[in-house]
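Single-structure report; data block below.
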There are 2 protein chains.
Amino acid sequence: MQQYFRKTCGALALLCLSTGALAQEAPKPEQIIKWRQSVYQTIGWECGRIRISLDKGFEREEVKKAADAIAAIANSGLGALYVPGTDKGKGWHDTTLKPEFFSNAAKATEIARSFVKEANDFARVAATGDAATVKSQFGKLTQTCKSCHDEFRKRD
Amino acid sequence: MQQYFRKTCGALALLCLSTGALAQEAPKPEQIIKWRQSVYQTIGWECGRIRISLDKGFEREEVKKAADAIAAIANSGLGALYVPGTDKGKGWHDTTLKPEFFSNAAKATEIARSFVKEANDFARVAATGDAATVKSQFGKLTQTCKSCHDEFRKRD
């Protein structure tokens, strides 16, 4: 485990700090899958905070911060994490991406665009809207997550 | 592994989609550590893209997207992921957070504030600065990562 961790930390240190050629080698599928899983865990964390705020008493500042993070991540170019071939392999755990993600690119693109649109709309609404409007738009955002899971996530 | 994955996915689905009481239970230390590790992996991915752009030919739009994501994540309240007691335990892997993070809160706060400041400055510079200025500010940002690693990350 420690060896594994050192490897992971080493990769991160290279990415963040080095200027050497190593940092520019094409990342391995395992690393790409790990990043992808990490991005969605991060989004999941931010979604959880929003859900708690919406259910337990709307705190605009809390929701806005999480909404801004989700929108910025959504806009940062997640397509780069869907490299052909990464429907197989293991990051933190076995990937659950279906091969259909690559064979049905039109559908994948449609869902990705919806996700970005609803995330941007949610960030706007979170900044100014009332609790009911924010909750409604959060529903639209999470529906795009569900669409992608229904279409492209392996079950078992 | 599949069982493990189902558990993870179940947790995410609850967080994103449910309105039930389960989603509002206090998250377990393992989940908090997993989120924390995922957030820094996400930041590491964005940093890697910036480094490649700065080393191989400055692409402002690419750097700006990644910079915006880092800043929004930094501003989203990462302190919530440093729950006392989570200097022990395993998320995706054993945590490497030192107990000193909690016993030296003043230093931890100082580094956290520097990280947020430099991330915000970097997002501003990425939007308008020339390549040299962007590179210089990226150095200031990654120095805050290194400060935290030097101070609060276990080695071995």
Side-chain angles (χ1 to χ4, degrees), chain A residues 1-2 4-6 8-9 11-19 23-24 27 31 34-49 51-52 54-56 62 65-66 68-77 80-81 90 92-94 96 141-143 145-146 149 153 155-156, chain B residues 1-2 4-6 8-9 11-19 23-24 27 31 34-49 51-52 54-56 62 65-66 68-77 80-81 90 92-94 96 141-143 145-146 149 153 155-156:
Chain A
M1 176 51 69
Q2 284 182 336
Y4 175 71
F5 171 70
R6 278 197 296 273
T8 307
C9 276
L12 272 177
L14 274 174
L15 278 166
C16 267
L17 303 172
S18 88
T19 55
Q24 296 173 359
Q31 179 61 70
K34 206 174 275 184
W35 282 330
R36 195 165 67 205
Q37 291 168 344
S38 295
V39 162
Y40 290 106
Q41 275 281 327
T42 302
I43 292 171
W45 173 57
E46 304 283 7
C47 281
R49 299 167 65 196
R51 169 65 60 208
I52 288 168
L54 290 175
D55 283 355
K56 290 206 168 176
E62 180 77 359
K65 284 178 185 176
D68 287 346
I70 293 168
I73 293 169
N75 282 287
S76 77
L81 294 175
K90 186 175 176 170
W92 298 119
H93 53 73
D94 290 342
T96 55
L141 171 60
T142 55
Q143 188 56 45
C145 306
K146 187 174 181 305
H149 297 172
R153 191 170 72 175
R155 306 199 178 267
D156 290 283
Chain B
M1 177 53 67
Q2 283 183 336
Y4 175 71
F5 172 70
R6 277 196 297 273
T8 307
C9 275
L12 271 177
L14 275 174
L15 278 167
C16 269
L17 302 172
S18 88
T19 56
Q24 296 172 358
Q31 179 61 70
K34 206 174 275 184
W35 282 329
R36 196 165 67 204
Q37 291 168 344
S38 295
V39 162
Y40 290 105
Q41 275 280 327
T42 302
I43 292 171
W45 172 57
E46 304 284 7
C47 281
R49 300 166 64 197
R51 169 65 60 208
I52 289 168
L54 290 175
D55 282 355
K56 291 205 167 178
E62 180 78 358
K65 283 178 186 176
D68 287 346
I70 294 168
I73 293 170
N75 283 286
S76 78
L81 295 175
K90 187 175 176 171
W92 298 119
H93 54 72
D94 289 342
T96 55
L141 172 60
T142 55
Q143 188 56 45
C145 306
K146 187 173 181 306
H149 298 172
R153 193 170 70 177
R155 305 197 179 269
D156 290 278

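Here is the naming used below: chain letters follow the sequence lines, and residue numbers restart at 1 for every chain. Any value given below was found using the heavy atoms of this structure, including those in side chains, with hydrogens, waters and symmetry copies removed.
The structure places CD of A:Gln41 at 4.5 Å from CH2 of B:Trp92, a figure rounded to the nearest 0.5 Å. A distance of 12.0 Å separates CG of A:Asp68 from CD1 of B:Ile73, quoted to the nearest 0.5 Å.
Counting heavy-atom pairs under 4.5 Å between each of B:Ala71, B:Ala66, B:Ala69 and chain A puts B:Ala69 at the top. The choice from B:Leu54, B:Ile70, B:Val39 that makes the most heavy-atom pairs within less than 4.5 Å of chain A is B:Val39. No other option in A:Pro27, A:Ala72, A:Ser76 has as many heavy-atom pairs under 4.5 Å with chain B as A:Ser76. Ranked by non-hydrogen atom pairs under 4.5 Å with chain A, the options B:Leu141, B:Asn75, B:Leu81 are led by B:Leu81.
Contact annotation for B:Glu62: neither backbone nor side-chain heavy atoms come within less than 4.5 Å of a heavy atom of chain A.
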**Request:** Tell me, with the steps shown, if B:Trp45 and A:Arg36 meet side-chain contact (heavy atoms from CB on, under 4.5 Å).
**Result:** CA-CA 9 Å; B:Trp45 172 57; A:Arg36 195 165 67 205; over 6 Å; no
